[in-house]
Amino acid sequence: MRAPAGTLARVPPLVVHGYRNAGAAGATFLNCHAPGQGFAGYLRALRDGRGHEFDQQPPPADGGRPPSEASVAGDATVVARPGVRVALLADAEAIALAEVAIGPGIPSPPAHVHRRHAESAYVLEGELAVTAGDRLLRAEAGTWLTVPAGVRHAFAPSGTKRVRFLTLHTPGSGFGGFVRALRDAGADADLELAADRAGHDRERAA
């Protein structure tokens, strides 16, 4: 399968897989493991030239799960309103991932808390203003951040240009259903009501 820029390739456990550059130029991509299973330590061990155990084994004798269970997803826009676009790229138990674009001047969602999962963001374009607890952070394109469970946070555009970023929920914790509930409720959607209907792990921050 070919995965051009702007697409998401998802490979479930026990599906034999590998990656290679299929184009004439260099390729840069994000590689997410949910749960991590020691992947970060594995990369550091490669850097340092030492061994490290990681959840990666040779293909099993029976061939593993069917390769058809892997997928490559393109544009999966779920919410499209003036100044706001949300594309739901992955919605699995272990991880939910969406691409969000917010134009300047669009009111930011209220601060909220996830009790049971972490939310991460990777900025693709523009600059993101992040409130995390008592801190105000500014994340430029190419910046990654993770907000642990239980930390009050909010994301908003910073400056006069639109911001485009990936938001990852690990585990998924009903985030896909939450995005669909926003779509079905329309422009005047109540975020807390949508989260409640979808069973999403989201609470308005005190």
Run the numbers on F178 and H169 for ring pair (Phe, Tyr, Trp, His ring centres under 6.0 Å), then give the verdict. CA-CA 12 Å; F178 169 70; H169 295 249; 8.1 Å; no
Test log, rule side chain to side chain contact (heavy atoms under 4.5 Å, CB included), inputs V179 and V79: CA-CA 8 Å; V179 174; V79 176; 4.3 Å; yes
Kindly determine whether E99 and R85 satisfy side chain to side chain contact (heavy atoms under 4.5 Å, CB included), including the steps that lead there. CA-CA 8 Å; E99 179 184 326; R85 176 183 172 276; 3.6 Å; yes
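Defined by atom type and a distance below 3.5 Å, a donor-acceptor pair is missing between the side-chain atoms of R10 and S71. Side-chain contact annotation: E119 with H153, donor-acceptor N/O pair under 3.5 Å present. Side-chain contact of R152 with T131: a donor-acceptor pair under 3.5 Å is absent, judged by distance alone.
The pair D201-R116 counts as a salt bridge, with a side-chain nitrogen and a carboxylate oxygen less than 4.0 angstrom apart. Ion pairing between a basic and an acidic side chain is recognised when a charged N comes within 4.0 Å of a carboxylate O; E125 and K161 show no such pairing. Using a 4.0 Å cut-off between charged side-chain N and carboxylate O, D196 and R202 make no salt bridge.
To the nearest 0.5 Å, atom CG of residue L97 and atom SG of residue C32 are 6.5 Å apart. With values rounded to the nearest 0.5 angstrom, L14 atom CG is found 9.5 Å from E69 atom CD. A distance of 4.5 Å separates CG of L124 from CG of L166, quoted to the nearest 0.5 Å. The distance from atom OH of Y42 to atom CZ of R47, rounded to the nearest 0.5 Å, is 14.0 Å. The CD atom of Q37 lies 12.5 Å from the CZ atom of F39; values are rounded to the nearest 0.5 Å. Atom-to-atom distance recorded for F155:CZ and L128:CG is 6.0 Å, nearest 0.5 angstrom.
Heavy-atom minimum distance, A129 versus P157: CB-O, 4.2 Å. Across A101 and R162, no two heavy atoms sit closer than the pair CB-NH1, 3.8 Å. The two residues A205 and V113 have their closest heavy-atom pair at CB-CG2, 4.2 Å. Pairing each heavy atom of G63 with each of V16, the nearest pair is O-CG2, 3.7 Å. Across N21 and G26, no two heavy atoms sit closer than the pair ND2-CA, 3.7 Å. Contact detail for D91 and G177: the closest heavy-atom pair is OD2-N, 4.4 Å.
In E93, the CD atom is not crowded: 12 or fewer heavy atoms of neighbouring residues, nucleotides or ligands sit closer than 6.0 Å. Other residues, nucleotides and ligands contribute over 12 non-hydrogen atoms within 6.0 Å of the CZ atom of R164.
Between L136 and V130, the closest side-chain pair of non-hydrogen atoms is not below 4.5 Å. Side-chain atoms of H33 and F54, non-hydrogen and from C-beta on, do get closer than 4.5 Å to each other. Counting heavy atoms from C-beta outward, F165 and L145 have side chains that stay 4.5 Å or more apart. Residues R204 and P110 form a side-chain contact, since some pair of their non-hydrogen atoms from C-beta on lies under 4.5 Å apart. At least one side-chain heavy atom of S158 sits less than 4.5 Å from a side-chain heavy atom of R138. Counting heavy atoms from C-beta on, the side chains of Y122 and T143 never come closer than 4.5 Å. Counting heavy atoms from C-beta on, the side chains of R65 and P12 come closer than 4.5 Å. Here the side chains of T77 and V86 are not in contact, with every heavy-atom distance at 4.5 Å or above.
Judged by distance alone, the side chain of D48 and the main-chain N or O of R50 form no donor-acceptor pair under 3.5 Å. Although no hydrogens or angles enter the test, the distance criterion places a donor-acceptor pair under 3.5 Å between the side chain of H200 and the main chain of S173.
The cluster map of Ile, Leu, Val, Met, Phe, Trp and Tyr, joined by side-chain heavy atoms under 4.5 Å apart, puts L182 and I106 in the same cluster. Both L30 and I95 are part of a single hydrophobic cluster, where members link through side-chain heavy atoms under 4.5 Å apart. Hydrophobic clustering places L137 together with V123 (ILVMFWY residues linked when any side-chain heavy atoms are closer than 4.5 Å, directly or through intermediates). Taking hydrophobic clusters as Ile, Leu, Val, Met, Phe, Trp and Tyr residues chained together by side-chain heavy-atom distances below 4.5 Å, I102 shares a cluster with L88.
Relative orientation of the H117 and H114 rings is tilted, given thresholds of 30° and 60° on the angle between their planes.
Here the options are L8, V11, T7, the test is side chain to side chain contact (heavy atoms under 4.5 Å, CB included), and the partner is V72; only T7 passes.
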